[in-house]
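What follows is one structure encoded as structure tokens, with my remarks underneath.
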Amino acid sequence: FNTALDMGVFVPPVMRTVNGRKAIDLTAPSTFGLWCRKVWVVPGLEPNPRNVVPYNITDPHFAIVAVAVPAATSGIVFQASAADGAYTSELAFDAGRPQARWVDSSGVSVVLTSPAALAPNAPAVISFTSKAGAQQFRVNSAVQGSGTVSFASSLYGNDQLLLGSGFISHFPRDGFGGYLFSAITGRGTPSPAELQVLERYLGTT
């Protein structure tokens with residue numbers, strides 16, 4: 001992958017201790033993150049695989065990450081997506097500002113961005129929740145924005161999850177260039193109290 005198809009040369013992330021905590025270091029130029037490919041549904045051969053993304057964009061779902069950025073970087077922290085499609089659920093950074101983003105198969109998108117950039121190297125917990133007609137984005141448990149969209153069908157189930165980078169429309173997408181301490185994602189939308197428990201837990205990592 002790191003030299004294939006004129007995509008450029010990518011290097012793997014390394015594990016480091018940052019402020020006394022283990023993290024994957026994605027700060028080096030051209031670092032690609034962790035890419036979890038899932039099992040394709042094949043009728044008659046693999047009709048009901050267990051190793052799939054636990055949700056699609058139309059399902060209730062959430063993601064939480066504990067991160068730090070060394071500067072005002074831009075790129076993807078977490079992505080659930082289809083490699084051959086342009087639809088995705090993401091946590092990302094835009095010039096140092098945390099961001100949540102959804103794009104469905106019809107091109108409808110919701111982008112929620114924090115008004116303020118993170119301080120350099122300051123650990124933070126960023127999260128999103130999504131269900132039909134309701135999206136929410138939080139930084140350190142404070143709500144940064146909300147959406148009210150119901151998405152068109154867009155299947156992630158037999159494709160991929162990524163940490164620290166992205167991959168859609170057959171092409172890699174830049175990672176956020178920071179430190180990733182931990183992540184949680186799953187099907188369903190936790191209540192505010194449940195979400196805060198998970199955010200606090202990731203904050204300890």
Side-chain angles (χ1 to χ4, degrees), residues 1-15 22 24 26 30-67 75-92 100-111 127-135 147 149-176 180-190 194-195 198 202 205:
F1 171 75
N2 68 325
T3 57
L5 304 176
D6 297 322
M7 291 181 181
V9 176
F10 294 92
V11 296
V14 296
M15 184 74 77
K22 295 293 185 182
I24 57 170
L26 297 136
S30 300
T31 299
F32 198 80
L34 307 179
W35 191 11
C36 182
R37 294 304 308 272
K38 296 300 186 177
V39 177
W40 282 93
V41 174
V42 182
L45 180 63
E46 192 69 75
N48 190 29
R50 297 177 62 186
N51 183 23
V52 297
V53 180
Y55 53 81
N56 296 299
I57 197 170
T58 52
D59 299 317
H61 61 286
F62 71 96
I64 314 168
V65 296
V67 295
I76 296 167
V77 181
F78 164 85
Q79 185 186 86
S81 59
D84 61 350
Y87 42 90
T88 178
S89 299
E90 294 177 351
L91 287 166
R101 179 173 178 260
W102 297 264
V103 183
D104 72 13
S105 58
S106 67
V108 171
S109 67
V110 174
V111 181
S127 62
F128 73 60
T129 59
S130 179
K131 62 182 179 181
Q135 295 78 43
V149 171
S150 293
F151 296 113
S153 179
S154 311
L155 300 181
Y156 304 151
N158 57 357
D159 224 315
Q160 59 186 8
L161 295 167
L162 298 101
L163 293 171
S165 294
F167 195 99
I168 56 174
S169 298
H170 303 286
F171 202 78
R173 309 294 165 163
D174 288 340
F176 73 111
L180 176 60
F181 298 95
S182 55
I184 300 174
T185 191
R187 186 182 177 103
T189 48
E194 291 169 330
L195 190 59
L198 295 171
L202 259 67
T205 66

Please report the shortest heavy-atom distance between S130 and Q135, naming the atom on each side. OG-CG, 3.6 Å
Do you know which two heavy atoms are closest between S89 and I57, and how far apart they sit? OG-CG1, 4.0 Å
K38, NZ atom: more than 12 neighbouring heavy atoms under 6.0 Å: yes
Can you find a pair of side-chain heavy atoms, one from T129 and one from P190, that are under 4.5 Å apart? yes
Students often mix this up, so state it plainly: with edges at 30° and 60°, are the rings of H61 and F128 parallel, tilted or perpendicular? perpendicular
What's the shortest heavy-atom distance between S169 and A86, and which atoms? OG-CB, 3.5 Å
Is the CG atom of D174 crowded by more than 12 outside heavy atoms at less than 6.0 Å? no
Determine whether L162 and I76 make a side-chain contact, defined as any pair of heavy atoms from C-beta on separated by less than 4.5 Å. no
Any side-chain heavy atom of L163 within less than 4.5 Å of one from L26? no
With a 4.5 Å limit on heavy-atom distance, are the side chains of F167 and R37 in contact? no
Determine the minimum heavy-atom distance between L180 and G164, stating which atoms define it. CD2-N, 4.5 Å
Neighbour count >12 (heavy atoms, 6.0 Å) for atom CG, N48: no
Side-chain contact, heavy-atom cut-off 4.5 Å: D159 with D84? yes
R173 side chain to I168 backbone, donor-acceptor under 3.5 Å: yes
Shortest non-hydrogen contact from P49 toward P47: CD-C, 3.6 Å
Between S154 and S105, does any side-chain donor sit less than 3.5 Å from a side-chain acceptor? yes
I'd like to check I184 versus F62 (side-chain heavy atoms, cut-off strictly below 4.5 Å). Are they in contact? yes
Got L91 and F176 here, is their nearest side-chain heavy-atom distance under 4.5 Å? no
Parallel, tilted or perpendicular, judged at 30° and 60°: which one describes the rings of Y156 and Y87? parallel
So does G33 get a backbone contact from the side chain of S165, meaning a donor-acceptor N/O pair under 3.5 Å? yes
For the residue pair V108 and W102, establish whether any side-chain heavy-atom pair is separated by less than 4.5 Å. no
Residues A152 and T58: closest non-hydrogen pair is O-CG2, 3.5 Å
